[in-house]
Trainee: 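Encoded as structure tokens, here's the structure I'll be asking about.
Note that the structure is a prediction, hence the values are computed from the model and not measured. In what follows, residues are counted from 1 in the order of the sequence shown.
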Amino acid sequence: MPNRRRTIDRSHPLGGFAEQLCELRDNATARAGGSQAARELSIDKVATGTWETSRTAIYAALNGTRLASMNTLCAMVSAWHPRGEKGIPEWQKLRRDVEEQLAAMRSRIPVNVVEAEVTPVVRQPDPARVPDAEALEQLRILLATALAEIRMTKTQLAARTGLGRTTVHEAFATGRPVPSAATVAAIGRALRLPIDRLLELHRQAVG
């Protein structure tokens with residue numbers, strides 16, 4: 001049986017985001033015009049596209065019962081946004097805003113207070129550390145091989161991980177600085193690589 005559209009609570013962050021996603025889909029359908037073109041935008045088509053998602057996940061996002069994963073969001077935006085994948089960054093920002101609102105609701109702290117209390121930690125480089133070029137090269141070979149095997153572009157990888165395109169490109173580029181551990185872990189998860197192994201190579205690479 002097809003999933004039925006549930007009543008959306010617009011006052012809840014998930015409901016508000018779901019309404020925006022539904023509007024994105026409806027506008028895409030209206031632009032498509034013909035029945036054949038509209039079928040190409042159907043949830044069944046979106047669920048079997050490039051991004052790893054499912055009909056259930058897409059319906060849950062549209063019904064406001066679950067926050068769309070990054071993959072699910074990218075799948076919907078790629079299919080329904082008038083600029084395709086170029087529209088992904090703005091929707092990733094909207095998703096992050098919803099995550100912050102949900103976190104604030106769970107902790108019962110206003111969003112502006114949460115933002116004010118989050119102070120980034122900047123670690124200064126340790127001059128005693130000696131980077132291991134061989135470990136860095138091996139790390140990049142593992143990432144590049146996995147990326148080639150799943151036939152994903154670096155732009156798609158950036159969208160899937162939520163990282164900036166420059167950050168992703170530099171993580172693969174020979175001669176560039178060692179990427180952060182968080183970047184390595186995010187890319188490793190997206191490429192389904194063993195995170196422990198990647199982080200061990202990263203530890204050796206930074207010295």
Trainee: Quick one about Q204 and E200 (side-chain donor to acceptor, distance below 3.5 Å, no hydrogens or angles considered), yes or no?
Mentor: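 Side-chain D/A pair, E200 to Q204: present.
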Trainee: Give, for atom CG of L73 and atom CD of Q92, the distance between the pair rounded to the nearest 0.5 Å.
Mentor: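 It comes to 7.0 Å.
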Trainee: For the atom pair CG (L201) and CD (E137), what is the distance rounded to the nearest 0.5 Å?
Mentor: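 Result: 11.5 Å between the selected atoms.
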Trainee: Locate the shortest heavy-atom distance separating I58 from V46; write the atom from each residue and the value.
Mentor: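 Heavy atoms only, the tightest pair is CD1-CG1, 3.7 Å.
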Trainee: So for atom CD, which belongs to E99, do other residues, nucleotides or ligands contribute more than 12 heavy atoms lying within a distance under 6.0 Å?
Mentor: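 Enclosed: over 12 neighbouring heavy atoms sit under 6.0 Å from CD of E99.
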Trainee: Rounded to the nearest 0.5 Å, what separates atom CG in L14 from atom CG in D9?
Mentor: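 One gets 9.5 Å once the value is rounded to the nearest 0.5 Å.
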Trainee: Provide the closest heavy-atom pair for A38 versus A32 in the form atom of the first, atom of the second, distance.
Mentor: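 Minimum heavy-atom separation between A38 and A32: N-CB, 3.9 Å.
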Trainee: With salt bridge (charged side-chain N to carboxylate O under 4.0 Å, His left out) as the rule and sequence neighbours excluded, what pairs involving residues 61-77 come up?
Mentor: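 For residues 61-77: none.
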Trainee: Just by modelled atom types, is the L157 backbone N or O under 3.5 Å from a matching donor or acceptor in the T161 side chain?
Mentor: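 Yes; judged by distance alone, with no hydrogens or angles, the pair exists.
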Trainee: Quick one: closest heavy-atom pair of A47 and S54, and the distance?
Mentor: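 For A47 and S54, the tightest heavy-atom pair comes out as CB-C, 3.8 Å.
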Trainee: Rounded to the nearest 0.5 Å, how far apart are CD of E149 and CG of L147?
Mentor: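 One finds 10.0 Å between CD of E149 and CG of L147.
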Trainee: Which value, rounded to the nearest 0.5 Å, describes the distance between K86 atom NZ and H81 atom NE2?
Mentor: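 Output value for this atom pair is 11.5 Å.
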Trainee: Spell out, yes or no, whether I141 and V206 are grouped together once hydrophobic residues are joined by side-chain heavy atoms under 4.5 Å, including indirect joins.
Mentor: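 Result: no, two separate clusters.
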Trainee: With a 4.5 Å heavy-atom cut-off, do E90 and R95 have their side chains touching?
Mentor: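 No; the side chains remain at least 4.5 Å from each other.
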Trainee: Just wondering, are more than 12 heavy atoms of other shown residues or ligands nearer than 6.0 Å to CZ in R10?
Mentor: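 Result for CZ/R10: open.
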Trainee: Pairs in or reaching into residues 7-36: which pass ring pair (Phe, Tyr, Trp, His ring centres under 6.0 Å), with residues at least two apart or in two chains?
Mentor: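 Sorted pair list: F17-W91.
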Trainee: Between E100 and R96, does a salt bridge (charged side-chain N to carboxylate O under 4.0 Å, His left out) hold up when you go through it step by step?
Mentor: CA-CA 6 Å; E100 291 178 4; R96 286 193 293 270; over 6 Å; no
Trainee: Just by distance, do the side chain of T48 and the backbone of K45 share a donor-acceptor pair under 3.5 Å?
Mentor: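 Side chain of T48 to backbone of K45, a donor-acceptor pair under 3.5 Å: yes, one is there.
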Trainee: Under 3.5 Å, which donor-acceptor pairs do the side chains of residues 169-193 form with other protein atoms, sequence neighbours left out?
Mentor:
| residue | atom | partner | partner atom | Å |
| --- | --- | --- | --- | --- |
| E170 | OE2 | R176 | NH2 | 3.0 |
| S180 | OG | T183 | N | 3.1 |
| S180 | OG | T183 | OG1 | 2.9 |
| R192 | NH2 | E52 | OE1 | 2.1 |
| R192 | NH2 | E52 | OE2 | 2.2 |

Trainee: Find the distance between CG (L139) and CZ (R203) and round it off to the nearest 0.5 Å.
Mentor: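 Separation between the atoms: 13.0 Å.
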Trainee: Would a single hydrophobic cluster contain both Y59 and M70, if residues Ile, Leu, Val, Met, Phe, Trp and Tyr are joined by side-chain heavy-atom contacts under 4.5 Å?
Mentor: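 In one cluster: no.
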Trainee: Do you know the tightest heavy-atom contact between V168 and K154?
Mentor: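 Minimum heavy-atom separation between V168 and K154: CG1-O, 3.8 Å.
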Trainee: Let me see the working for E85 and Q156 under side chain to side chain contact (heavy atoms under 4.5 Å, CB included), right down to the final yes or no.
Mentor: CA-CA 8 Å; E85 290 188 354; Q156 290 174 326; 3.4 Å; yes
Trainee: Using every non-hydrogen atom in the two residues, find where M76 and L21 come nearest and quote the distance to one decimal.
Mentor: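 M76 and L21 have their closest heavy atoms at CE-CD1, 3.8 Å.
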Trainee: Which heavy atom in A18 sits nearest to a heavy atom in I8, and how many Å separate them?
Mentor: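 Result for this residue pair: CB-CD1, 4.0 Å.
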Trainee: How about S78 and W51: does a side-chain donor come under 3.5 Å of a side-chain acceptor?
Mentor: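 Their side chains do contain a donor-acceptor pair, which is all the 3.5 Å distance test asks for.
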Trainee: Is there a donor-acceptor contact under 3.5 Å from the side chain of R25 to the main chain of W80?
Mentor: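 It does not hold such a pair.
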